[in-house]
Amino acid sequence: MQLFDTARQEVVPFEPRGGQVGIYVCGITPYDSAHLGHAFVYHVFDVLNRRFRDAGLTVRSVRNVTDVDDDILRVARERGVDFRELADEQVRLFDHDMAEIGLLAPDVEPRATEHVEEMVGWITRLVDGGYAYAVDGWVFFDSGVYPDYGRLSRLDHATMIELSRERGADPDDPRKRHPLDFVLWQASAPDEPSWPSPWSDGRPGWHIECTVMSTGALGHPVDIHGGGNDLIYPHHESEIAQAEAGGVAPYVRHWTHVAMVNLDGVKMSKSLGNLVFVRDLVKRVPGAAVRLLLAAHHYRVSWSYEDAEVEVAAMRLRRYLAAMQGGGTIGHEAALRHKQRFFERLDDDLDTPGALEVLDAIAQELAGGAEDAGPGTEGQQLLGRLLGVLGAEPGAVTA
RNA sequence: GGCGACGUAGCCAAGUGGUAAGGCACGGGUCUGCAAAACCCUGACCGUGGGUUCGAUUCCCACCGUCGCCUCCA
């Protein structure tokens with residue numbers, strides 16, 4: 001398997017260690033419904049997971065839940081419910097949506113609120129090591145003593161500060177020693193949930209949870225760590241800083257980032273409200289069709305969702321189903337060739353569009369076969385198995 | 001500023017180390033009283049400049065351009 005690694009900026013072989021692979025994907029903040037952008041990211045890691053398992057490796061997959069955060073608290077306040085109640089409900093809906101499109105459940109799905117104690121421990125280590133400092137009950141990571149900050153995203157400090165100012169962040173916060181310092185711990189307001197710590201009754205900053213939970217569940221270095229490419233900076237940049245400063249280096253062996261999904265040329269995002277929800281798609285077509293829609297796009301290339309794609313994907317699924325249930329056959333040699341080609345495409349930086357072309361070819365040959373061998377021929381079994389590697393096995397996903 | 005993807009005839013677009021599919025549009029023709037429809041025919045120095053090679057559109061480097069993302073965000 002060859003994969004693009006964000007840190008090295010090139011496609012490199014991924015070498016499993018001892019037949020095992022640990023995958024950590026940054027999960028959701030559960031305060032709104034899952035949209036196609038979420039689905040694309042988790043679909044990509046699901047295919048990676050299935051490919052590894054198909055190759056006989058033991059995979060341990062982890063996807064966290066950021067269940068305490070300003071957005072959740074805000075929405076919970078608006079709706080007059082406890083933030084835990086909101087998070088539980090949204091996680092349930094999210095898991096349901098992901099199951100509808102045939103995603104394997106993660107082996108571990110840690111929640112931030114269940115690991116605050118470990119986060120406090122990690123932050124304490126950073127403070128003791130001189131990498132973090134406390135001000136008024138808040139704790140900041142001191143980017144001034146970590147010169148490598150910016151290594152992953154390849155941004156220099158001046159640019160990061162500029163970007164940060166443009167986006168309305170506050171590099172000029174007088175409590176910060178350096179403009180790029182980020183929050184590890186923040187004091188909670190009286191009506192906000194809080195956990196005890198040496199600095200204040202408060203809650204963790206955004207980045208610390210992933211470092212604590214990924215290494216907690218997988219040890220270190222983490223084999224594969226990733227998420228949407230909008231997380232490269234500052235989230236993953238900050239994770240690396242706090243991990244390495246905390247004594248965990250190297251932190252991650254391989255960084256994998258998935259491109260953004262647009263709608264009408266504009267990035268699909270909660271703040272803009274231009275969303276296509278997974279829930280609405282699975283009402284129209286089988287989950288396997290949604291997977292084929294996603295698989296038709298390479299994970300490193302951003303794309304713009306078109307409504308017509310749904311029908312195209314559904315038609316493709318129907319064609320595959322017909323090929324699997326018809327009477328066609330293909331030769332043993334041809335089947336082997338197709339199988340090899342399919343895995344070649346997948347193992348070349350997860351080229352799912354290329355892999356689909358192979359499935360199209362198999363389906364076409366099966367459809368062309370005039371013989372009536374009945375279902376269950378070698379070609380039909382192969383098509384079913386390969387669809388399974390893409391997470392689009394028709395039978396398994398009709399909920 | 002960084003990173004990614006892309007740059008093939010008017011438009012969309014496939015593809016390969018050995019002088020480039022297809023679709024649409026345009027134009028010409030067959031047919032028709034005229035027109036439409038249908039069918040037939042017609043078009044490319046493969047972004048620019050280097051390099052590797054017997055030979056590159058295809059590989060490598062640089063540059064230019066377009067699009068996307070970059071502390072709410074997957």
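Here is how names work: the chains are called A, B, and so on, in the same order as the sequence lines, proteins then strands, and each is numbered from 1.
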Assign A:His35 to base, sugar-phosphate, or nothing according to its heavy-atom contacts below 4.0 angstrom with the strands shown.
base

B:rC11 versus B:rC3 - spacing of their C1' atoms, nearest Å:
30 Å

Looking at every strand, decide which applies to A:Gly150 at a 4.0 Å heavy-atom threshold: base, sugar-phosphate, or nothing.
nothing

B:rA74 P sits how many Å from A:Leu294 CG, rounded?
16 Å

Please determine if a side-chain N or O atom of A:Gln9 lies less than 4.0 Å away from the OP1 or OP2 oxygen of B:rG4.
yes

Atom C1', compared across B:rU57 and B:rC69: separation rounded to whole Å:
30 Å

Applying salt bridge (charged side-chain N to carboxylate O under 4.0 Å, His left out), which residue pairs with at least one partner in residues 235-263 of chain A are found, sequence neighbours left out?
A:Arg151-A:Glu244, A:Asp223-A:Arg253

Answer with base, sugar-phosphate or nothing: what part of the nucleic acid does A:Gly37 contact at a heavy-atom distance below 4.0 Å?
base

Check ion pair A:Asp46-A:Arg53 (N to O, under 4.0 angstrom)
no

Rounded interatomic separation in angstrom, taking CG from A:Asp230 and P from B:rU71
9 Å

Short side-chain N/O contact to B:rG4 OP1/OP2 from A:Arg300, under 4.0 Å:
no

A:Asp136: what forms a side-chain contact (heavy atoms from CB on, under 4.5 Å) with it, not counting sequence neighbours?
A:Arg175

Using a heavy-atom cut-off of 4.0 Å across all strands, would you classify A:Val25 as base, sugar-phosphate, or nothing?
nothing

Could you tell me how far B:rC45 sits from B:rA9 if I compare only their P atoms? Round to whole Å.
9 Å

Atom-pair distance (CG on A:Asp172; P on B:rU71), nearest Å:
16 Å

Heavy atoms under 4.0 Å, any strand shown: does A:Tyr42 hit a base, just sugar-phosphate, or nothing?
sugar-phosphate

For A:Glu333, enumerate each residue passing the salt bridge (charged side-chain N to carboxylate O under 4.0 Å, His left out) test, keeping only those at least two apart in sequence or located in another chain.
none

Within residues 103-116 of chain A, residues whose heavy atoms come under 4.0 Å of RNA chain B:
none

P atoms of B:rA13 and B:rG18, separation to the nearest Å
24 Å

Per atom distances to the A:Ser302 side chain, the nearest of B:rG68, B:rU71, B:rA74 is B:rG68

Can you give me every donor-acceptor pair (side chain of residues 224-231 of chain A, partner residue at least two apart or in another chain, under 3.5 Å) with its distance?
from, atom 1, to, atom 2, distance (Å)
A:Asp230, OD2, A:Lys267, NZ, 3.4

Qualifying ring pair (Phe, Tyr, Trp, His ring centres under 6.0 Å) pairs, either residue in residues 331-357 of chain A, two or more places apart
none

Can you check whether A:Arg74's main-chain N or O pairs, donor with acceptor, with A:Arg79's side chain at less than 3.5 Å?
no

Is a donor on one side and an acceptor on the other found under 3.5 Å between the side chain of A:Ser194 and the backbone of A:Asp201?
no

Note: for A:Gly27 and A:Arg154 on RNA chain B, the residue whose nearest nucleotide lies more 5' is A:Arg154

Per-pair distances, 0.1 Å, donor-acceptor, side chain in residues 21-30 of chain A, under 3.5 Å, sequence neighbours excluded:
from, atom 1, to, atom 2, distance (Å)
A:Tyr24, OH, A:Asn64, OD1, 3.3

Can you run through RNA chain B from 5' to 3' and write each base as (, ), [, ], | or . depending on how it pairs? Watson-Crick or G-U wobble, both distances under 3.5 Å.
(((((((..(((.........)))..((((.......)))).....(((((.......))))))))))))....

Taking the P atom in each of B:rU66 and B:rC61, what is the distance between them to the nearest angstrom?
23 Å

Distance between C1' atoms of B:rU8 and B:rG23 (Å, rounded)
15 Å

Out of B:rU71, B:rA74, B:rG4, minimum distance to the side chain of A:Leu180 belongs to B:rU71

Rounded to whole angstroms, how far apart are CD on A:Gln90 and P on B:rA74?
12 Å

Take the protein atom CG of A:Leu155 and the nucleotide atom P of B:rC69, then report the distance between them rounded to whole Å.
16 Å

Considering every strand and a 4.0 Å limit on heavy-atom distances, what is the contact class for A:Leu231: base, sugar-phosphate, or nothing?
sugar-phosphate

Of the candidates B:rC69, B:rA74, B:rC72, the side chain of A:Asp71 sits closest to B:rC72

Measuring only the C1' atom in each nucleotide, how far is B:rG10 from B:rG50? A whole number of Å is fine.
31 Å

So A:Val301, base contact, sugar-phosphate only, or nothing? Heavy-atom distance under 4.0 Å.
sugar-phosphate

Which whole-number value in Å describes the distance from A:Glu239 CD to B:rA74 C1'?
14 Å

Would you measure the distance from the C1' atom in B:rG4 across to the matching atom in B:rC40 and give it in whole Å?
46 Å

Separation of A:Ile232 atom CD1 from B:rC69 atom P, in whole Å?
13 Å

Look at A:Arg111 together with A:Asp88 and state whether they make a salt bridge at an N to O cut-off of under 4.0 Å.
yes

Are the side chain of A:Arg60 and the backbone of A:Gln20 linked by a donor-acceptor contact shorter than 3.5 Å?
no

Could you check how far OH of A:Tyr233 sits from C1' of B:rA74, rounded to whole Å?
19 Å

Report the residue (A:Thr159 or A:Phe40) whose heavy-atom-nearest nucleotide on RNA chain B is the more 5′ of the two.
A:Thr159

Can you name the residues that form a salt bridge (charged side-chain N to carboxylate O under 4.0 Å, His left out) with A:Asp69, not counting sequence neighbours?
none

